[in-house]
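Encoded as structure tokens, the structure appears first; notes follow it.
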Amino acid sequence: MKNLFIVDHPLIKHKLTIMRNKNTGPKEFRELLREITFLLAYEATRNIETIEVEIETPLEKTKGYAIEDKKIVVVPILRAGLGMVDSILELLPNASVGHIGIYRDPLTLKPVQYYCKLPDLSNSTVTFLLDPMLATGFSAVHAIRILKEKGAKQIVFVSLIAAPEGVLEVEKNFPDVKIYTASLDRQLNDHGYILPGLGDAGDRLYRTK
Ligand SMILES: O=P(O)(O)OC[C@H]1O[C@H](OP(=O)(O)OP(=O)(O)O)[C@H](O)[C@@H]1O
Ligand SMILES: O=c1cc[nH]c(=O)[nH]1
Ligand SMILES: [Mg+2]
């Protein structure tokens, strides 16, 4: 798992524990997902390019650094990835946002795509693909394939919880994609849910069950 980066800061561990608790309601769940995404994004953006710029302080000219966030693309996998977008946009306010709608067929666990709207990726420097849950990895692999076909160069997958099965699936198909996560959980159950996990992220965000 050489491309896996586990960001297990105490703040993240504390907030994720509250999210895992089945008694945590949707309001708090949404807030915590936003907060953890912000902290994960701090690490996931560590290697983005900066350009040198010249500015003037009140005292003298100096060299500074700027991020060309107009060249950065953020893509949530609907639905659950939507809960991460606003947070990363606070750090990269000029990033373009694409959307890929995918749900897992509950029996086959294969991804079913129902929506795709992406900005021009040919000029982008990096694409952050967002989904809180990386379980079998089939949804992530499907989305990454679309992004690559549309010209995405560097792809960074940002998730809250990853299963070993999902990490290996992404690595097998796309060894160049880096995965940032708050936790590498134990395994999947017979229905493809992550253990211990936090249940169905989309349902908990939007109270659909
Ligand atoms: O790694 P995988 O096995 O593909 O599973 C992960 C996917 O499952 C969940 O979506 P879900 O199908 O529940 O759709 P939703 O976000 O609309 O609830 C989750 O948000 C991921 O997209
Ligand atoms: O545990 C899981 C697996 C897939 N999708 C989820 O929302 N949770
Ligand atoms: Mg769901």
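Nothing here was measured: the structure is a model prediction, and the numbers come from that model. Whatever order the structure lists ligands and atoms in, that order sets their numbers, starting from 1.
The protein atom (non-hydrogen) at minimum distance from atom 17 (O) of ligand 1 is Arg79 NE, 2.8 Å. Of the protein's non-hydrogen atoms, the one nearest atom 10 (O) of ligand 1 is Ile102 O, 4.8 Å. In terms of protein heavy-atom proximity, atom 6 (C) of ligand 1 is nearest to Met133 O, 3.5 Å. Protein heavy atom closest to atom 22 (O) of ligand 1, with residue, atom name and distance, is Asp131 OD2, 2.4 Å. Of the protein's heavy atoms, Tyr193 CD2, 3.3 Å lies nearest to atom 2 (C) of ligand 2. Scanning the protein heavy atoms around atom 12 (O) of ligand 1, the nearest turns out to be Arg104 N, 2.8 Å. For atom 13 (O) of ligand 1, the nearest non-hydrogen atom of the protein is Asp200 OD2, 3.4 Å.
The shortest N or O to N or O distance between Ala201 and ligand 2 is under 3.5 Å. Residue Ile194 places at least one N or O, backbone or side chain, under 3.5 Å from an N or O of ligand 2.
The shell of residues lying under 4.0 angstrom from ligand 2, judged by heavy atoms, includes Gly199. Gly197 does not count as a contact of ligand 2, since none of its heavy atoms falls under 4.0 Å from the ligand. By the 4.0 Å heavy-atom criterion, Arg104 is counted among the residues contacting ligand 2.
Of all atoms in ligand 2, numbered sequentially from 1 with element shown, those under 4.0 Å from a heavy atom of Ala135 are 3 (C), 4 (C). Distances below 4.0 Å separate heavy atoms of Met133 from the following atoms of ligand 2: 1 (O), 2 (C), 5 (N), 6 (C), 7 (O), 8 (N).
The closest side-chain donor-acceptor pair between Thr208 and Asp203 falls under 3.5 angstrom.
Counting just the N/O/S atoms of Asp200, the one with the shortest distance to the Mg ion (ligand 3) is named OD1.
Across every non-hydrogen atom of Ile36 and Met19, the tightest pair is CD1-SD, 3.7 Å.
Partners of Arg20 by side-chain contact (heavy atoms from CB on, under 4.5 Å), not counting sequence neighbours, listed by chain and number: Leu16, Ile161, Ser183, Asp185, Pro196, Leu198.
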